[in-house]
Amino acid sequence: MKLDISKTGIAISAELKAKAEAANELLYSGKGAGNDFLGWVRLPSSITDAELQAIEEAAAKLRAKADLVICIGIGGSYLGAKAVLEAMSNPFQLLRKEQTNPTVVFAGQNISEDYIYELMAAAEEHSVGAIVISKSGTTTEPAIAFRLVKAALEARYGKQEAAERIVAVTDKARGALKTLSTNEGYPTFVIPDDVGGRFSVLTPVGLLPLAVAGVDIRALVAGARKMEQATGTDVRFDDNLSAIYAAVRNELYAAGKRVEILGSYEPRLQYINEWWKQLYGESEGKQHKGLFPASVTLTADLHSMGQYIQEGERTLFETIISVAAPQHKVVIESDGANLDGLNFLAGKRISEVNRMAELGVQLAHVDGGVPNIRIEIPTIDAESIGGLLYFFEKACGISGYLLGVNPFDQPGVEAYKKNMFALLDKPGYEEASKAIKARL
Ligand code: PA5
């Protein structure tokens, strides 16, 4: 992976380099804020072969039984698997006559009645399995979805067979999902206590659904492992890409930038953006501080957001994930009539045009006052994506410490839940319920 910050206009001072190195050390020494949640730091190198094998075996059982696996979870218990799955999947696989892997679809990441209805209706035409993921085991959205999926599987297959089609990923001891899994006899994987949701993609939270979908989870972990080594405390600042990225985005914030837009020219990476938004938004957006993480998919969004990025408020900078090599080759052909005037592109690969778009946009945005950070991955494969995920996680830990927040808590996500429970008359919320209804 490469990182280019030459178009940010930022020169990182020796002082900031030292601070970033110190922040990285805090992640290892455990002397910083949120030190109960640092299990992700050494996660790639500590995953054992036996753990990977157990995940692969559970995945193989589900794959043998189901051609549709409903993966239930929200936030950190959803976005990692979704992001990697989108990145690793042919977007047109469902149009192919032959399906080589079960289709993994997601539920419990919203409370839309139409979404769950349509999913359950479609599921009737398939042999179905389910993975239910919740660290706390008490999150409302996935709990509602799982109640419906469980009932449907039991009605269709009987209780015993349903229990063989369901795998749970949850806390080792606490929470309603743990109790339910024990009572029902579901195979269960544990989310380590010291790994928060948004840092959990390399635990069974991400690895199990990905293995079910046929993703090479060993390559994913291998890529993350390499990045763990490349961003360790023994790596000096100038060679530590996560530290550089963390430092430069903090300098841009200090210089008045308020929004970081993550973008790429590959639509498969769209959900990497969504995963990254949670990682950075939930880690840094506190104490009324933090860059707002936004995203675009290019070139599509140049035709919607391009105007704003070029000429709107000058509080933005961009981070582009650039992919050095596509997996396939498509060449633009010459056309006799040339009515579209595109013969100047004849003989060129589509990726060359995409690359020139990227370079042209970069310079246009830089000229328009939008600094540009460029992250280059060699290609979209499991190893590169594993490296990219860990790169962002490590940078997020360093960046949060540089910003002066605890990057590993999320106190603000509770506020909406209290209101929702009060509005739904949950027992125990009687007073809050009266108060909130009076405000409607
Ligand atoms: O990052 C987080 O901690 C959150 O996004 C959680 O992952 C999300 O709220 C889901 O929580 P749980 O896994 O407990 O159901």
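Starting from 1, each residue takes its place in the sequence as its number. Read the numbers this way: they start at 1 and go in the same order the structure lists the ligands and their atoms.
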Arg258 bridged to Glu313 by N-O distance under 4.0 Å: no
Pairing of Lys277 and Glu260 as salt bridge, 4.0 angstrom limit: no
Where at least one partner belongs to residues 73-93, residue pairs that pass salt bridge (charged side-chain N to carboxylate O under 4.0 Å, His left out), sequence neighbours excluded: Lys82-Glu86
Min side-chain heavy-atom separation Glu161-Arg165 under 4.5 Å: yes
cation_pi(Arg249, Tyr253) dist<6.0 Å, angle<=45: no
Non-hydrogen atoms of Leu389 and Trp275 that approach each other most closely: O-CH2, 3.4 Å
Contact residues of ligand 1, where a non-hydrogen atom lies under 4.0 Å away: Ile74, Gly75, Gly76, Ser77, Ser134, Lys135, Ser136, Thr139, Gly197, Arg198, Gln278, Glu282, Gln410
